[in-house]
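Below is one structure; the comments refer to it alone.
Values below: all heavy atoms of this structure, side chains included; hydrogens, waters and symmetry mates excluded.
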Amino acid sequence: MDWELVFTIRDALKRPLFTDAELIGGSNGLNRTVRWVHVLESASLESLIHGEEMILTTGMSASTDLSAALSFMQNLINKNAACLCIELGACFSAIPQEMVDLADLHDFPLIQFTRTVRFVDITLDLHSLIINRHHRMLQELESISREFHRLTLTSQGTVKVLQLLCKSTRTQLLYMQLQGKPLFFPALAPEEQQPLLDFFETFREEMEGAQPDAAPKLREYGQKTIAVKPVGALDQTWAYILMVCPHKPQEFDCLLLDSASLSIAQELLRTRYMEERKLFSENLWVDELVGGRYADEHRLKGLIGPDFNLVNELPYRVCLIEIENPRDVRWNSSENDWESITFHLSLVLRSIFEKYSLRPLITLKNNRLTVIALDLQSKLPGKLRLQQALDALQHIRADEKLKDLQLVTGVSKSHRGLKHAHAGYQEAVQALSLYSCYQKPVLMYEELGVFQLLLSLNDGKTLESFIRSYLGPLIDHDEAKGSELLLTLRVYLDHDGSKQIAARSLFIVRQSLYYRLDKITELLGEDFMLPENRISIQVALRAYQFLYPEKFTLPSSRSAQL
């Protein structure tokens, strides 16, 4: 960086108006940045300064005694003022040694004017210089940022951007890729690389939650300061840039770091888009696989290539993601728009799944994405990581293209061997078909309970006959009287016969519940709560819910819909 763009205490002391000024303390702080000049005669300065201001004063408010003067100066140091300039005269005839010692302790420049000086002339002079330099800084920042963008359109764009960032800031850079080896600019010997890599590992876990658009985080590294900036997009981080500064990073450094990370992220995103389009065309066989048309392992090996043995041994689950658009949201549903949205969704999905150590094989048909989620295995169980990935996918709302979409996902049991993908696909289809019963965005086949059995019995007659055998009198009564005995019984049994919880869930008083239960007993018989009958009735209730989910909507849900 051109250090003339940053205005410092050292620069100020070279101005003609500071000819008679004397630096009497804090000489090690001459490189402090001066962002503004402020005349201050009030001891109550908490709300008056923001930091990095040159403070001009006659000492009127701090001249009553030494403790007041030291307190005034300590408050300035705490508020990160750039320096303190005191005009000697009626308030201060001489600067106490204790103030000089405090300035030296904190490398806080303490300057005295031995002759009367017009503060208005100083502020006018320095403000014009500061504004001019800030303007030049913005011009240089814009010029370098344009060059960053141009470099990303060339071969090895990321490397060239990092080289320019290194040259412009005059700092040591470390580019930490999540998938790939670290890069150093300028190059470092192996023995010098390791301490920096080890230092990054100490706070890497903390950085995992940082969003790519967050401001750089600062960390002390010996006598130096490291600014850490995530690089990524689509709510995902793909790399980190570490800027090792021999001084506290200036605004210019941080702005350039932001610009460089954005340019690199755009190049990485373009690369991922191209890779995604290639994978999309190469993975057309996934649709054939889940359709059960590739049972021969020799044919599969020819399609997948040299990775077949590794991929075929990994555990996996089939996810069927249905893409819905809310009825109250208007958007351009042209074919090109829809292709763009689904393609973008697959790109986001791949990025999220890889974050949770899952390798997705994706295919699209109509409004459904089919994903074979291969478990690359890590410390956490595969089912938990897949659930976390699907939850993260549900909450991608910052993305403009996806914010209005509703995603419902059916997930199969865990399988091994790609020839069983068709069975996993059928399980995912069955799980997805029960969305109307569960009203959950993610449905795991293995958590469907008795519905797994009911799905196989749904031949149009078996379930209806079973339901009539155990619930017929209640169904007839509800249809004839408009009552809600079926719903009441389901809620009552689901809460293990707790009358208090059942009445609260149904939004009725307990006396009304007693009346309904008496009617249910009258219609089903006194023994309906005996274990054998209760099990059969609960299965029949689940079967009825499976066939007619809209009839089992709780009152609170109905009210919300209205």
Side-chain angles (χ1 to χ4, degrees), residues 6-130 218-225 245-251:
V6 176
F7 191 73
T8 65
I9 306 297
R10 191 185 305 276
D11 297 325
L13 291 174
K14 295 176 183 178
R15 301 301 297 169
L17 291 171
F18 282 79
T19 302
D20 296 325
E22 296 179 11
L23 176 70
I24 60 172
S27 58
N28 290 332
L30 290 180
N31 286 328
R32 282 173 172 256
T33 300
V34 179
R35 292 174 60 91
W36 208 241
V37 182
H38 189 53
V39 179
L40 186 64
E41 299 293 358
S42 171
S44 302
L45 52 89
E46 283 74 11
S47 61
L48 299 178
I49 67 173
H50 299 287
E52 297 188 337
E53 292 98 340
M54 171 183 281
I55 304 300
L56 305 177
T57 186
T58 61
M60 186 184 304
S61 62
S63 61
T64 53
D65 55 50
L66 178 60
S67 62
L70 291 173
S71 176
F72 175 73
M73 188 170 169
Q74 185 64 58
N75 284 340
L76 290 175
I77 294 171
N78 294 342
K79 292 291 286 185
N80 194 33
C83 69
L84 175 61
C85 302
I86 300 177
E87 181 183 274
L88 299 183
C91 299
F92 270 99
S93 57
I95 306 295
Q97 183 60 41
E98 288 83 353
M99 292 184 70
V100 175
D101 294 340
L102 183 62
D104 288 335
L105 178 64
H106 294 281
D107 295 331
F108 180 71
L110 180 59
I111 299 165
Q112 67 178 13
F113 289 105
T114 55
R115 295 183 182 180
T116 302
V117 62
R118 293 175 59 182
F119 285 170
V120 67
D121 292 340
I122 293 177
T123 56
L124 182 62
D125 179 52
L126 297 190
H127 283 171
S128 63
L129 285 171
I130 291 169
L218 304 183
R219 292 288 182 277
E220 296 302 319
Y221 181 61
Q223 299 299 314
K224 301 178 180 179
T225 301
C245 305
H247 47 78
K248 181 183 177 182
Q250 301 294 329
E251 180 185 20

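- Taking every heavy atom of both residues into account, Cys245 and Lys224 meet most closely at O-CB, 3.2 Å.
- Atoms OG1 and CZ, on Thr33 and Phe7 in that order, are 10.5 Å from each other to the nearest 0.5 Å.
- Applying the side chain to side chain contact (heavy atoms under 4.5 Å, CB included) rule to Thr225 yields the partners Leu218, Glu220, Pro249; only residues at least two apart in sequence or on another chain are considered.
- Between Val37 and Glu53 the shortest side-chain heavy-atom distance does not fall below 4.5 Å.
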Pair Leu70-Leu66, side chain to side chain contact (heavy atoms under 4.5 Å, CB included): steps then yes or no: CA-CA 6 Å; Leu70 291 173; Leu66 178 60; 4.0 Å; yes
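- Atom CD of Glu52 and atom CD1 of Ile130 lie 10.5 Å apart (nearest 0.5 Å).
- No donor-acceptor pair closer than 3.5 Å links the side chain of Glu98 to the backbone N or O of Pro96.
- For the residue pair Glu22 and Thr114, no side-chain donor N or O sits within less than 3.5 Å of a side-chain acceptor on the partner.
- Leu17 and Phe113 get closest at one heavy-atom pair: O-CE2, 4.0 Å.
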Residue pair Thr57, Glu87: steps toward the side-chain hydrogen bond (donor to acceptor under 3.5 Å, both in side chains) verdict: CA-CA 6 Å; Thr57 186; Glu87 181 183 274; over 6 Å; no
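- More than 12 heavy atoms of other residues, nucleotides or ligands sit less than 6.0 Å from atom CZ of Arg219.
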Working for side chain to side chain contact (heavy atoms under 4.5 Å, CB included), residues Val100 and Leu110: CA-CA 7 Å; Val100 175; Leu110 180 59; 4.3 Å; yes
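- Atoms NE2 and CG, from His106 and Leu76 in turn, are 11.5 Å apart once rounded to the nearest 0.5 Å.
- Using a distance-only test at 3.5 Å, with no hydrogens or angles considered, a donor-acceptor pair links the side chain of Arg32 to the main chain of Asp107.
- Side-chain atoms of Ser71 do not come within 3.5 Å of backbone N or O of Ser67 as any donor-acceptor pair.
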Check against side chain to side chain contact (heavy atoms under 4.5 Å, CB included), Phe18 and Leu126: CA-CA 11 Å; Phe18 282 79; Leu126 297 190; 4.1 Å; yes
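- Note that the CD1 atom of Ile77 and the CG atom of Leu102 stand 4.0 Å from one another [nearest 0.5 Å].
- By the 30° and 60° cut-offs, the orientation of the rings of His127 relative to Trp36 is parallel.
- At distances below 3.5 Å, not a single donor-acceptor pair connects side-chain atoms of Asp125 with backbone N or O atoms of Ile122.
- In this structure, OG1 on Thr19 lies 10.0 Å from CZ on Arg115, to the nearest 0.5 angstrom.
- Rounded to the nearest 0.5 angstrom, Cys85 SG and Ile9 CD1 are separated by 7.0 Å.
- In terms of heavy-atom proximity, Gly29 sits nearest to Pro109 at O-CG, 3.4 Å.
- Checking Leu56, Ile55, Thr58 one by one against Val39, the side-chain contact (heavy atoms from CB on, under 4.5 Å) holds for a single residue, Leu56.
- The one candidate from Gln74, Gln112, Met73 that meets the side-chain contact (heavy atoms from CB on, under 4.5 Å) condition with Met99 is Met73.
- With Asp104 contributing its side chain and Gly26 its backbone, the two residues share a donor-acceptor pair below 3.5 Å.
- Side-chain contact between Leu30 and Leu23: present, with at least one pair of heavy atoms (C-beta onward) separated by less than 4.5 Å.
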